[in-house]
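Worksheet: the structure to be examined is printed underneath.
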Protein chains: 2
Amino acid sequence: MRKTASRSTPRRPPSRPAPTTARAARSRSPSGTNAAPASAPLPGEGKRGEDGHLAYLLRQAQAAARLSLDRALTSTGLTHPQFVVLTMLKAYPGLSGADCARIALLTPQTVNVIIANLERDGAIRKTPHPVHGRVLQWNLTRHGLALLARARLKAAAVERRLAGSLGKRELVTVRRWLAQVAAEFHQD
Amino acid sequence: MRKTASRSTPRRPPSRPAPTTARAARSRSPSGTNAAPASAPLPGEGKRGEDGHLAYLLRQAQAAARLSLDRALTSTGLTHPQFVVLTMLKAYPGLSGADCARIALLTPQTVNVIIANLERDGAIRKTPHPVHGRVLQWNLTRHGLALLARARLKAAAVERRLAGSLGKRELVTVRRWLAQVAAEFHQD
DNA sequence: CGCATGATATCAGAGCTCTGATAAGTTGTC
DNA sequence: GACAACTTATCAGAGCTCTGATATCATGCG
């Protein structure tokens, strides 16, 4: 597994308290020449809220969700890209690295790194002799299946939170938008 | 600079006449022991479409949009994280690295890398002596402002495509969802 | 004053992700 | 059968991102 030394504190030092922080103090500091920086907004305020750029909001939301998922997965020793690849490989056994790249919207080089780490950890195995081709086919080991099963439980919780605030119709809208964005920009 | 003609990363060839591709052929290969891998779906099909997990859809959409934005920005020499930091620094001049980290939902170490590269490229400058504190305040240079201006034009095009397919009400739904996801998971 | 606490900046290490380039195997065409 | 075009796997290099750990500075408390 991933050389997990000691993940005792998988938490970001939670420094997100009241506006009486060092930052607020510094904003009022008599630095003189520099206009005091306008106090930075919290997520959800101003440009960072519903009025912000879609690209920025998308990035922000994905970053937050990804981080949360990654932390939920630390107990399994998987990273979230590894979780994605494992899931794909279970759904479609025998995919090659290039196949994975296409499906995950990643480059083959990127997938190569992820696959190399998964193999090193004994979660996947390449079929030694694909008969035809230079291609390498990948499959989950028993260990990989167990890993995936545990990771799924964690991921399910994140999934529920993502959908939590949405009504039935809204959920359809969001899903359709996400799928369409992926499909449209995929051609680039 | 983008080298549109020949890309090393294999994109799905647009002209695929019949299911007689290399992958499909391999799927039917007489490897015997291995169950033929079910043909992988295109983005938008099956689990990869509207029915997929929200977390997966979110990741997929952001990956596609990010990649597109990154490529649009290559002509400016900026990466998209650099674009984000530059934008923040213009809106709130004099932020410290730690401030940027909080706003961008990133760790201070991550922002440190981005800031270091921006400084190396002469796009930002640290105010030499913040009077009080060990803090470093950052501001855009003239060069940084020019860079940002050019990048904004490119980003605007991506932004339009993101919103393209959405009606007025749907746009509100999507924006609200994204903002809320960011806010909710931010606490983790 | 001296020290504990908290915030900031950084160093180190690992993993993810891209672009570019190279080598090797497959397939289709002549 | 030989050659061209395409696919696959990798190597190399750069940038982004996280966790952990350390050193410095500021503030609050005894």
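Naming convention: chains lettered A, B, ... in sequence-line order (proteins, then strands); numbering from 1 in each chain. All heavy atoms count here, side chains included; hydrogens, waters and symmetry mates do not.
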What is the distance, rounded to the nearest whole Å, between atom CD of A/Q62 and atom C1' of D/dT17?
12 Å
Backbone N or O of B/L171 within a donor-acceptor pair of the A/W177 side chain at under 3.5 Å?
no
With the side chain of B/T107 defined as its heavy atoms from C-beta on, choose the nearest nucleotide among C/dT19, D/dA9, D/dT19.
D/dT19
How long is the line joining CD of B/E119 and C1' of C/dT10, in whole Å?
14 Å
Mark yes when over 12 heavy atoms from residues, nucleotides or ligands other than B/R161 sit less than 6.0 Å from its CZ; otherwise mark no.
yes
Measure the distance from CG on B/L67 to C1' on C/dT17 and round it to the nearest whole Å.
10 Å
Base, sugar-phosphate, or nothing: which does B/T79 touch, judged by heavy atoms less than 4.0 Å apart?
sugar-phosphate
Measuring from the side chain of A/Q109 (C-beta onward, heavy atoms only), which nucleotide among C/dC16, D/dC11, C/dT10 has the closest atom?
D/dC11
Which whole-number value in Å describes the distance from B/I115 CD1 to D/dC16 P?
11 Å
Let me confirm one number: the CG-CG distance from A/L153 to A/L73, rounded to the nearest 0.5 Å.
11.0 Å
Testing C/dT17, D/dT19, D/dA9 for proximity to the side chain of A/R71, the answer is D/dT19
Please check the phosphate of D/dA14 (OP1 and OP2 only) for any side-chain N or O of B/R120 closer than 4.0 Å.
no
Sugar-phosphate, base or nothing in reach of B/N117, heavy atoms under 4.0 Å
sugar-phosphate
Rounded to the nearest angstrom, tell me the gap between atom CG in A/D99 and atom C1' in D/dC6.
15 Å
Is it the case that the side chain of A/D99 and the backbone of A/S96 share a donor-acceptor pair, with hydrogens and angles ignored and the cut-off at 3.5 Å?
yes
Side chain of A/V135 only, please: which of C/dC18, C/dA12, D/dA9 is the nearest?
D/dA9
With sugar-phosphate meaning primed atoms plus P, OP1 and OP2, does B/Q82 contact a base, only sugar-phosphate, or nothing at under 4.0 Å between heavy atoms?
sugar-phosphate
Using atom CG of B/D70 as one end and atom P of C/dT19 as the other, report the distance to the nearest whole Å.
8 Å
If you pin A/R66 and A/G97 to their nearest nucleotides in DNA chain D, which one's is more 5'?
A/G97
Looking at CG of A/L58 and CD of B/Q62, how far apart are the two atoms once the value is rounded to the nearest 0.5 Å?
5.5 Å
Given C/dT8, D/dT19, D/dT10, which nucleotide is nearest the side-chain atoms of B/R102?
C/dT8
Counting just side-chain N and O atoms, does A/R134 come under 4.0 Å of either OP1 or OP2 of D/dT10?
no
Roughly, in whole Å, what's the span from CG in A/L106 to P in C/dT19?
11 Å
Quick one: is B/N112 getting a side-chain N or O under 4.0 Å of the C/dT10 phosphate, OP1 or OP2?
yes
Separation of atom CD1 in B/I103 from atom P in C/dT8, rounded to whole Å:
12 Å
